[in-house]
Amino acid sequence: MTGYYDELLKLCGFEEREIDRERPRIDRVFEKLELGPEDMEPAAAWVRRTHDVELVGVRKMLAIWLRELFDMVLAREEGKKIVYFGFPTIPGPGMAIASASENVYCACPDAVLCHTLGQIFNKLNPVLEAGEQNGLPPGHGLCTLQTIRVGGMAKGIIPVPDMVITSSYYCDMGSKTDELLHEKYGHPAVYVDGSMDSGWGEFPGYQPERVEFWGAQL
């Protein structure tokens, strides 16, 4: 049995026997992502244009991202507890959670969608537009990765998590978006201290001089 997506998946590093084995899952994922036969040829052209697919390692990396996409889209249907984390804030704790149990799925959905719907299928625009229509309006300098997460959940292509872990390691956009999604979907957010201005383990004992200095700067 051959599917309309077989040639694209082979281009992205899949072996034929893996495609046949995973076909029911792949069919379900492509249905949820609204990807059909008409999307495969443009996707293949986009992959060849943006990736050096002559390199076996590049094709294998594309396959890894697609496998992650399949697992993420189907995590709820396959009975997993779901934990999301932000990128690039705290992948360490996220990976620890991911390896803790086969019944837990943990990943950064914004990065997965960016590398698959964006870099393989060139189909991020509908997701971004859904994010803009559901709490992150255009023209406000908001984070595109967060817009992808909001849009993916709004369109129902990624499941609502049971929990998110986040910090303000690089910016406060992640925690603000998590509050928005908490109000809309109800899942809790756990905030992990991740300040780059302090040594590991120093929190909450910040040096008074540092606090005074930054207060004066503000």
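None of the values given here were measured: they were computed from a predicted structure.
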- So, are Asp6 and Arg23 salt-bridged, with charged N and O less than 4.0 Å apart? yes

- Query: Testing Gln133, Glu129, Glu132 for side-chain contact (heavy atoms from CB on, under 4.5 Å) with Pro138, which one passes?
  - Reply: Glu132

- Query: Listed by chain and number, what are the side-chain contact (heavy atoms from CB on, under 4.5 Å) partners of Gln207, not counting sequence neighbours?
  - Reply: Glu202, Glu209, Arg210

- Query: Does Asn103 have any side-chain contact (heavy atoms from CB on, under 4.5 Å) partners at least two apart in sequence or in another chain, and if so, which?
  - Reply: Ser101

- Is it true that atom NZ of Lys10 has more than 12 heavy atoms of other residues, nucleotides or ligands lying nearer than 6.0 Å? yes

- Quick one: do Glu15 and Arg17 make a salt bridge, cutoff under 4.0 Å? yes

- Show your reasoning for whether side chain to side chain contact (heavy atoms under 4.5 Å, CB included) applies to Leu74 and Arg25. CA-CA 8 Å; Leu74 298 176; Arg25 299 178 77 237; 3.6 Å; yes

- Would you verify whether the NZ or CZ of Arg28 falls within 45 degrees of the ring axis of Phe70 while also being under 6.0 Å from that six-membered ring's centre? no

- Under 4.5 Å between any side-chain heavy atoms of Trp46 and Lys123, yes or no? no

- Query: Any sub-3.5 Å donor-acceptor pair from His187's side-chain atoms to Met163's backbone N or O?
  - Reply: no

- Item | Tyr5/Phe121 aromatic ring centres below 6.0 Å | no

- Heavy-atom donor-acceptor pair, Trp65 side chain to Ala111 backbone, under 3.5 Å: no

- Backbone of Gly36 reached by a side-chain donor or acceptor of Asp39 within 3.5 Å: yes

- Minimum side-chain heavy-atom gap Glu34-Ile157 below 4.5 Å: no

- Using only heavy-atom distances, determine whether the side chains of Tyr4 and Glu38 contain a donor-acceptor pair under 3.5 Å. no

- Query: Does the side chain of Glu22 come within less than 4.5 Å of Leu9's, by heavy atoms?
  - Reply: no

- Item | 4.5 Å side-chain heavy-atom contact, Gln146 and Lys176 | no

- Task: Check for a donor-acceptor pair, side chain of Arg76 on one end and backbone N or O of Val160 on the other, with a separation under 3.5 Å.
- Result: yes

- Message: Quick check: do Leu69 and Leu33 have side-chain heavy atoms less than 4.5 Å from each other?
- Response: yes

